[in-house]
Amino acid sequence: GKLTMAILNLLHFPDERLHTVAKPVTDFGPELQRLIDDMAQTMYAAPGVGLAATQVDVHKQLFIADISEDNKGLLVFINPKITHRDGECELEEGCLSVPGVYDKVAGRAREVTVQALDRHGKPFSLTADGLLGLCIQHELDHLLGKVFVEYLSRLKQDRIAKKLKKNQRKAM
Ligand code: GNR
Ligand code: NI
């Protein structure tokens with residue numbers, strides 16, 4: 001229930017656990033409901049527009065997103081699959097697991113259709129473009145063990161790793 005919601009610890013690039021491939025969800029019981037509520041609280045607190053279970057070290061095929069202004073548009077995607085992709089996306093992306101880094105990733109579609117289950121296991125399909133379309137592709141990558149900066153050049157990745165290490169030292 002809401003009284004016991006918690007902010008979960010986020011994994012940060014280059015943590016090896018971000019490379020774990022998520023397994024399908026089979027149990028839609030209270031433990032999953034609790035995880036979804038905690039992930040939502042964690043995403044809103046960050047704040048972010050999406051969060052994959054991978055980022056909180058839970059390796060199940062689950063991500064959430066909310067691109068609304070008032071945090072009342074929570075979307076839950078379980079065992080998601082992209083069934084259609086179209087065009088090319090030109091937007092920059094960021095990631096809560098790589099704080100302060102924003103860049104464009106080649107190969108993102110402008111519009112995607114995703115098939116998934118909702119938090120109760122009910123199938124749905126959604127077509128999205130813009131920020132939500134990009135977010136869906138970004139979260140699906142997390143479930144496959146991929147972080148967006150790994151699509152950037154080696155030089156950029158080395159710079160990012162150095163910057164994150166420096167920030168970590170400052171935070172200690
Ligand atoms: O909060 C987030 N913003 C964002 C912006 C552009 C493209 C993707 C995203 S997802 C990110 C949150 C996150 O790290 N999700 O995994
Ligand atoms: Ni991310």
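Computed from heavy atoms alone, side chains included, the values below leave out hydrogens, waters and symmetry copies. Order of appearance sets the numbers: ligands from 1, and atoms from 1 within every ligand.
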Practice prompt. Taking the side chain as every heavy atom from C-beta outward, state whether Thr113 and Ile82 have any pair of such atoms under 4.5 Å apart.
Written response: no
Fill in: Qualifying salt bridge (charged side-chain N to carboxylate O under 4.0 Å, His left out) pairs with a residue from residues 47-66, counting only residues at least two apart or across chains
Arg17-Asp57
Fill in: N-O pairing of Arg154 and Asp158 below 4.0 Å
yes
Practice prompt. Starting from the Ni ion (ligand 2), count all protein N, O or S atoms within a radius below 2.8 Å.
Written response: 3
Worksheet item: Would you find a donor on one side and an acceptor on the other, under 3.5 Å apart, between the side chain of Asp38 and the backbone of Ala6?
Response: yes
Practice prompt. Report yes or no: do Asp141 and Tyr151 form a side-chain donor-acceptor pair below 3.5 Å?
Written response: yes
Fill in: Any side-chain donor near an acceptor of the partner, Glu150 and His19, under 3.5 Å
yes
Worksheet item: Between the side chain of Thr83 and the main-chain N/O of Gln115, is any donor-acceptor distance below 3.5 Å?
Response: no
Fill in: Per-ligand residue contacts, ligand 1, heavy-atom threshold under 4.0 Å
Gly48, Val49, Gly50, Gln55, Glu92, Glu93, Gly94, Cys95, Leu96, Leu131, Leu134, His138, Glu139, His142
Fill in: Shortest non-hydrogen contact between Gly133 and Val112, atoms and distance
O-CG2, 3.8 Å
What donor-acceptor contacts under 3.5 angstrom involve side-chain atoms of residues 92-99, with partners at least two apart or in another chain?
from	atom 1	to	atom 2	distance (Å)
Glu93	OE1	Arg108	NH2	2.9
Glu93	OE1	His138	ND1	2.9
Glu93	OE2	Arg108	NE	3.0
Ser97	OG	Leu11	O	2.9
Ser97	OG	Gln55	NE2	3.0

